[in-house]
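In this text the structure is predicted, and so the values were computed from the model without any measurement.
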Amino acid sequence: MIEGFDPLTAVLACPLGAAMLLAILPGNRLAALINTLASLATFGAALAILLGRRPEAGQYLFIDDLNIVFIVLNTFVGLTTSIFSGGYITHELETGRLSPLRLRFYHGMYQLMMFGMNLALISSNIGLMWVAVELATLSTVVMVGLYLTPEALEAAWKYFILGSVGIAFALFGTILVYLAAQPVVGEGYDAMVIPKLMENAAAFDPALLNVAFVFLMLGYGTKVGLAPMHAWLPDAHAEGPTPISAVLSGLLLNVALYAVLRFKMLMAANPEAISPGPLMASLGLLSLIFAAFMLYRRRDVKRLFAYSSIEHMGVIVFAFGMGGPIANFAGLLHMTMHSLTKSGIFYMVGLISQIKGTQRIADIRGLTQSHPLLGWGLLIGVAAIAGLPPFGIFTSEFLITTSTFARAPLLALLFVFGLIVAFGALMLRVIDMAFGEPSQSVARAEASYLPFILHLGLVLTAGIYLPRAVVEWFQHVAQILG
Amino acid sequence: MQSTLALDIAHLLAGGIVLVSFMMLYQDRLFALLNMFTLHALVLAASVAWQAYIQGAKHLYVTAAIALLFKAIIIPLALHRMIVKLGVHRDIETAVGVGQTMVAGMGLVALSMALMFNVTSEADPLVREDLAFALSVVLLGLLIMVTRRNAVSQIVGFMSLENGLVLAATGAKGMPLVVEISVAFSVLVAFIVIGAFLFRIRERFDSVDVGALDEFRGDRR
C-alpha cells in the first residue's frame, strides 16, 4: 500500500471532489466519463478498506465488520449505475427532456449523494450520521424533481415533506440517545461515538432508550420505506430519472436500514431496554403483506418495482427483527441480493421506457419478440426478484422462512403468504409485458447492458455457489448483529 | 448557578415557545402566520441564549445567534417577499376548524408531557421539562403541517418543528455543536430547495395549494 494513502478519506474525497468538478464542467460526454471514473475510484477505495488493515476508530469515522459490507455494496452499485447513467442520460439529452445545464446539475448531485451515503456509512458519530443521511436525502429530492413536470414536482414535494419529517424524528431520537449516554459516558463528543456507546450501553437509562428507539425507528423507518410511512417511495421512484430510481432502491434504503441496525444493536446491548426485534419484525411483515397486495393495482412499470422495493425492505427488516445467526445472515444476504437485482431491473426498465416512450404497463407489450435481450432480461430479472431458484434471493428467502418456522410458525405462514401474493402480482405483470403482440417502439436503446448482466450474474452466482470467504464474513457480521 | 429563578425563566421561555406554537395553529392568513413564526424564532433565540447563560456553555450563543439571524430575520423577510411575488397574500386558508385543531393540539401537548415525565424521572428537572416542551413543539409543528393545504404554510409548520428540535438539542447538556449547525444548515438548504419548488409549483398550477398536486398521481393517468 502506498505510504500516506488513506482509503477512508479517499472514499469520501473522491465523490466530494468529483461533485465540485462536475458542477463547473460543461460537456455531457466528459461529465459522464468523469462521473464513472470517480465512482470507480471510490469503489477502489472501498476495496482497499476491505482488504487493508482496519484503522483505529476515531471520533468521526470508523470501520467495523458491519459497515464495510454496506460500503462495498454501496460503492459497487454506485459504479455500475454511473456506467448505465452515461448512456441513459445522453438519450434524455437528445430527446430534449433535459437541458445541458440541468445535466451538469444532475452529475454534480449524483456525486454529492454518493458522498452523503458513504459518510453516513462510515461515520462513527451518530450526529454526523444523521447529517449525512439528511444530505443524501436532500440531494435525491432535487434529483427526483429534475424533469420539472407536474408529476415530478409532486413526487419531489411529497418526498421532501415526508422525508424531512422522518429525518426530524430521527434527530429527536438521536438527541434522546445522547441524553441517555451523557450521564454514563460524560458530556461532549464521546457520548455520540458509536463504539463508546456500545461499550457503555448496559448502564444507560432503559426508559430513555426505549423512547429514543421508537423515534429512530419511525424516523429512519420512513426513509427505509416501511409501511405505513412509505407514501413518498413509489412517487419518488416513478418520476425521477431511472438511474436515480436504481440508487434509491439499491442504496439509499440500505443506508437508512444501516442506521436502524446500529440503534438496534445499541438497544440489544442494554439488558433492561425493550427488545427491538418484535417492533421491527411486525413493521417488516406489515410492509411485506401490504406492498404485496398493492402490487396488483400498479399500472406504471417503475411504480410496480417501487412497491416491490417496499416489499423487499419489509422482508429484510423482518429478518433482522427475528434476529439470531441464521435470520441475520439471511437478512444481510437478502439485502445484498435485493440491491443488485433491483438496481439491475431498473436499468432494464429505464431502457424499456426509453424505447417505448412510456412507463405504462399496458403500452408495453411483446418485448421478447421486438427486443429479445431486453425482454428475456426483464423476465429473468423479475424471476430473480420474485424469489425463484436458482437466484440468490431464493436462498435468502428460504433461509428466513426455515429459521422462522422453527421459532414462530404463525409468523412464517404470514411471511410465506406475503411472498406468494407478491410473486403472483409480479409474474402477472411481467408476462403481459414480455409476450404478446409487440407494441410500437419510438427510439433505440443506447445505454449499456453490461451493468445489468454484471448484477444478474452476481445474483445467479450467489444463488448457486456462495464463496466460503463471503459466507464466513457474513456469518461473522450476523453474529455481532445479535 | 441553577437557582429557582434561573430555572423558572428557562421554563417560561420554553413554555412561551409552546404557546406561540398554539397561536400559529389558528392563523388563517399567511402574513399573520409568518409574523407568528418570527415571534416563535425570537422566543427560541431568547430561550437558547438563556440556556447558554445558565449552563455556562458558550457555543450555545452561536446557536442562539443562528436562530435569531436566520429564523427570525432572513427567512421571514424572504418568505414575505416570496408571498408577495407569488401573489398569494390574500389567500385565506380553509384549514380544519380552529376548535378541533386546538383540542388536538392540547391532546398532543398532554401526550408529550405524560411521555417525557415518565421516561425521564431520574433526569435533571431542567432537562425533563425542556424535553417535554420540545416534543410538544415538534408535535404541534406536525399538526400545523397536516392541517394546512398551502405550500408556504406547510414550510412554516416544518420550520417550527425544527425549532422544537433545536430546543431539545440545547436542553441536552454539552451536546456537540455539530447538530445545531446542521439544523441551521438544513433550514437554509431546505429554504433554497423550497423556494425553487414554490415558483415551479406556482408556474405549473397557478396556485400553491398542494391540493392541486393531487391530480397528478401516476396511477390515475
Is it the backbone or the side chain of [X] that comes under 4.5 Å from a heavy atom of chain B, or both, or neither?
X       : answer
L176(A) : side chain
Y178(A) : side chain
A168(A) : both

Practice prompt. Output the distance between atom CG (L42(B)) and atom CG (L13(B)), rounded to the nearest 0.5 Å.
Written response: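 L42(B) CG to L13(B) CG: 11.5 Å, rounded to 0.5 Å.
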Fill in: Interatomic spacing from CG in L139(B) to CD1 in I144(B) - rounded to 0.5 Å
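Between L139(B) CG and I144(B) CD1, I get 11.5 Å after rounding to 0.5 Å.
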Discussion item. Tell me the closest heavy-atom pair linking M145(B) and G157(B), and the distance in Å.
Written reply: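 In this case the closest contact between M145(B) and G157(B) is CG-C, 3.8 Å.
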Worksheet item: Closest approach of G16(B) and V43(B), non-hydrogen atoms and distance?
Response: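 Shortest heavy-atom contact: C-CG1, 4.2 Å.
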Name the orientation class of the two ring planes belonging to [X] and [Y] (parallel below 30°, tilted from 30 to 60°, perpendicular beyond 60°).
X       : Y       : result
Y189(A) : Y60(A)  : perpendicular
H40(B)  : F37(B)  : parallel
F290(A) : Y307(A) : tilted

Discussion item. Counting only non-hydrogen atoms closer than 4.5 Å, can you tell me which residues of residues 106-114 of chain B sit against chain A?
Written reply: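 The stretch does not come within 4.5 Å of chain A.
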Worksheet entry | ring pair (Phe, Tyr, Trp, His ring centres under 6.0 Å) partner of F169(A), chosen from F215(A), Y220(A), F213(A) |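 Only match with F169(A) under ring pair (Phe, Tyr, Trp, His ring centres under 6.0 Å): F215(A).
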Worksheet item: Can you tell which of N118(B), L161(B), L131(B) has the highest number of heavy-atom pairs within less than 4.5 Å of chain A?
Response: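 Of the candidates given, the most pairs with chain A belong to L131(B).
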Worksheet item: G141(B), A168(B), G171(B): which one forms the most heavy-atom pairs within less than 4.5 Å of chain A?
Response: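 Looking at each option in turn, the highest pair count goes to A168(B).
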Worksheet item: L135(B) versus chain A, heavy atoms under 4.5 Å apart: side chain, backbone, both or neither?
Response: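 L135(B) touches chain A through backbone and side-chain heavy atoms alike.
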Practice prompt. Show your working on side chain to side chain donor-acceptor pair (under 3.5 Å) between S353(A) and K302(A) and close with a plain yes or no.
Written response: CA-CA 9 Å; S353(A) 62; K302(A) 275 163 90 178; 5.8 Å; no
